[in-house]
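In what follows, a single structure is set out as structure tokens and then discussed.
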Amino acid sequence: MYKLKELFLMLILAFVSMAAYAQSLTVTGKVIDSEGYEVIGGSVTIKGAAGVGTVTDVNGNYSLKVNDASKDVLVFSYVGMTSQEVKVDGRSVIDVTLKADAVMLEEVVAIGYATVKRKDLTGSVASVNSKELSKVPTSDITQALAGRMAGVQVMQSEGAPGASISIRVRGGISITQSNEPLYIIDGFPSEDGMSTLDPAEIETIDILKDASATAIYGARGANGVVVITTKSGGKEGKATVTFDSYVGFKKVAKKLDVLSTREFALLDYERRYYSAFTAKNSTQEDLDKAVANFEALYGKYADIDANYANRAGIDWQDEVFGSNSPISQNHKVSISGGTKTSSYNISIARTSDDGIMKGSGFARTNIRAKFTQDVNKRLKVTFNANYSNETSEGLGSLNESGYFSRMQHILQYRPVIGKYGNDSDLLTLQRDPITDEDSGNQMQNPLISIQAEERTKENKSLQINGEVQFKILDNLIYRGSVGLRERRLNNDVFYQAQSRQAINSGAPYGTKNINDYNGWQYNNTVTYTPKLKNGHSFDVLVGQEDYMLETKTLSVTNTNFPDVNFGFDDFSLGTNPNVPSTTHYKYRKISFFGRANYNYKSKYLATV
């Protein structure tokens, strides 16, 4: 009888253990779209559990722990796709395919020299509209695209305001050439991407991803095409004045773990002893000398715990990143309105973005005007002008590389001055006393480095374009457009006397780089759409385009400045100017293109 009770109790415990195991489970899987491409940044949550979820990685994979594997339901969602609910039902692997939202199929998509309803697309096109973009206040519209388009990656080299941001459409295809896509703004190419645009002025962004969608742009579209359409004029009626503004604050979310003062002292002891021990023809006298040098700075090795265990020292991440209160703000005023036959939109915006790092920041001013006029039933005229002036100042945390890396200095510069000094003296100390005895480049105080290196980048651009649309016949439309674009990029760097570069070269020096870009483009297209019956539709587009870009560069370096100088305000104080270098290039492209679309009841589609 006792054995039966024991067996019964063991069975109960086994079932309880199995039940407890079934309740908690880690579910993994992959999320793809209807074309089989990875959904990057898709949301995976547990239905009814607020704040519990994850996002898919660059390969579309996810991992999420559920509390009740028999009852929990996973919700998969992504912008532009229909959300899908899947019951876990004890499964540890759940793969999901998300389909495009049926409502979005009626949206009009820009596909290059024309537009088409999404349901009639034959190529792969990802889109995002102004409503989605406005949810992410940012100084660079490219940042707002992160995680919003399947197969599109947004990469930023560093977090400094104004730092370059790259887009990769279905990954990179070249290891020696640029992988940047072609940017088309209101029908005209832009060599500097979307950085000069005010995010609030963008209506839609369509990214053409596959060969069918990008074919009309030829070889230029090999890395994908980003088509940006800016907002048109206002509605019929009285003029509308709109003021938009946002203000945000920044703070480092998490610092990297670095050595404490005690750990740093121990490491320096080991470094000195190891260097002496492994030196050629090393003797006991060399080892004793290394120990004596250490004790002269830090005290006795046996007293390290007593001297440094509770010593705070200097946290350089706090000094560089945490001692200021960076603010991001944007203010915009726009006037829009129109009549039955015309519309207009005029705006001015000012963006200011302070950097987390001391002395860094970004500012931009945008002025834009767009006018549309229906001259008569057959003729329509559009004019668009955009001016941008942006300036970025200061250093980035990843500026330069190797021993010159700013981030390396912030993380590795000594946190403690030694036993016989005040650690706060490190804040004004020029260089690390440890590396003063080494040959080559010394590690420099990060604060001194920021103050002694003056970096300014200024980017001014003006784009003006116009378009004429004329209905030759009801089913035969001519479009002609012409555009002009001018851009000047100044990149100035000056190394003051305290900078490591000036110390190594013997005196302060500076370099000024001026890059001028001037271009124009005009194109003509004719679209023919015959009237067909029984669910058939057909259209054909033929066109011609002429594009020219002229590039001029000038680089000037002047050295041997006095320690007290005015930097670029008086560049003549340098007494040893180098020979200026210049370049001059002209690029012109004349192309002819065409496209034909066939559609039968939106079921059978063909594009040539």
Side-chain angles (χ1 to χ4, degrees), residues 26 28 40-46 49-59 61-65 135-140 142-148 153-166 246-264 266-267 308-329 352-362 392 394-402 404-416 423-424 426-427 443-447 449-450:
T26 298
T28 60
I40 303 172
S43 174
V44 184
T45 60
I46 300 176
V52 180
T54 186
V55 294
T56 56
D57 60 20
V58 294
N59 297 313
N61 297 320
Y62 73 92
S63 177
L64 181 64
K65 185 177 181 179
K135 294 179 180 179
V136 185
T138 176
S139 60
D140 193 318
T142 315
Q143 294 174 319
L145 299 180
R148 296 183 178 274
Q153 293 176 269
V154 177
M155 300 177 292
Q156 186 169 3
S157 59
E158 56 181 327
S164 60
I165 302 177
S166 298
Y246 74 79
V247 177
F249 302 90
K250 298 179 182 178
K251 186 178 181 180
V252 175
K254 182 181 180 181
K255 298 187 301 181
L256 297 177
D257 291 331
V258 293
L259 298 179
S260 65
T261 55
R262 173 185 173 277
E263 291 168 335
F264 186 87
L266 288 172
L267 179 65
Y308 302 104
N310 298 313
R311 191 164 170 174
I314 301 296
D315 188 329
W316 291 103
Q317 294 181 79
D318 279 343
E319 296 297 331
V320 175
F321 299 126
S323 57
N324 58 338
S325 300
I327 299 175
S328 298
Q329 53 186 320
S352 177
D353 190 6
D354 297 336
I356 288 288
M357 178 177 283
K358 276 187 173 182
S360 65
F362 171 83
S392 58
L395 304 170
S397 60
L398 299 180
N399 193 276
E400 299 178 330
S401 60
F404 289 93
S405 170
R406 205 69 52 212
M407 198 64 192
Q408 181 180 2
H409 289 198
I410 294 169
L411 296 177
Q412 296 185 1
Y413 198 78
R414 59 167 45 242
V416 59
D423 292 339
S424 61
L426 288 171
L427 299 176
M443 187 170 291
Q444 189 176 37
N445 182 331
L447 295 180
S449 179
I450 291 172

Original post:
Can you tell me how far CD of Gln317 sits from CD1 of Ile356, rounded to the nearest 0.5 angstrom?
Top reply: 12.0 Å
Original post:
Arg311 versus Asp423: any side-chain heavy-atom pair under 4.5 Å?
Top reply: yes
Subject >> Thr56 side chain vs Gly41 backbone, donor-acceptor pair below 3.5 Å >> reply: yes
Original post:
Does Asp57 reach the side chain of Ile40, with side-chain heavy atoms less than 4.5 Å apart?
Top reply: no
Subject >> Check against side-chain contact (heavy atoms from CB on, under 4.5 Å), Asn445 and Tyr413 >> reply: CA-CA 7 Å; Asn445 182 331; Tyr413 198 78; 4.0 Å; yes
Original post:
Going through the distances and angles, do Val52 and Thr45 end up as a side-chain contact (heavy atoms from CB on, under 4.5 Å)?
Top reply: CA-CA 6 Å; Val52 180; Thr45 60; over 6 Å; no
**OP:** Find the distance between OG (Ser352) and CD (Gln329) and round it off to the nearest 0.5 Å.
**Re:** 5.0 Å
Subject >> Contact check, side chains of Val55 and Tyr62, non-hydrogen atoms, under 4.5 Å >> reply: no
**OP:** Would you check if Thr26 and Ser63 make a side-chain contact, meaning some heavy-atom pair closer than 4.5 Å?
**Re:** yes
Original post:
With sequence neighbours excluded, what pairs up with Thr28 under the side-chain hydrogen bond (donor to acceptor under 3.5 Å, both in side chains) test?
Top reply: none
Subject >> Spacing of CD1 belonging to Ile410 relative to CG belonging to Asp315, to within rounding of 0.5 Å >> reply: 11.0 Å
Original post:
In Å and rounded to the nearest 0.5 Å, what is the CD to CG distance from Gln412 to Leu267?
Top reply: 9.5 Å
**OP:** Assess whether side-chain contact (heavy atoms from CB on, under 4.5 Å) is satisfied between Val58 and Gln153, documenting all intermediate values.
**Re:** CA-CA 8 Å; Val58 294; Gln153 293 176 269; 3.8 Å; yes
**OP:** Would you mind reporting whether Tyr308 and Val416 have side-chain heavy atoms less than 4.5 Å apart?
**Re:** yes
Subject >> Worked check of side-chain contact (heavy atoms from CB on, under 4.5 Å) between Lys250 and Asp353 >> reply: CA-CA 10 Å; Lys250 298 179 182 178; Asp353 190 6; 2.5 Å; yes
Subject >> Residue pair Ser260 / Pro415: nearest heavy atoms and the distance that separates them >> reply: O-CG, 4.5 Å
Original post:
Can you tell me how far the CZ atom of Phe321 sits from the NZ atom of Lys255, to the nearest 0.5 Å?
Top reply: 11.0 Å
Subject >> Atom pair CG (Leu426) and CZ (Arg414), whose distance is rounded to the nearest 0.5 Å >> reply: 6.5 Å
Original post:
Which pair of heavy atoms, one from Pro326 and one from Gly355, lies closest together, and at what distance?
Top reply: CB-O, 3.5 Å
Subject >> Heavy-atom neighbours of Asn59 CG exceed 12 at 6.0 Å >> reply: yes
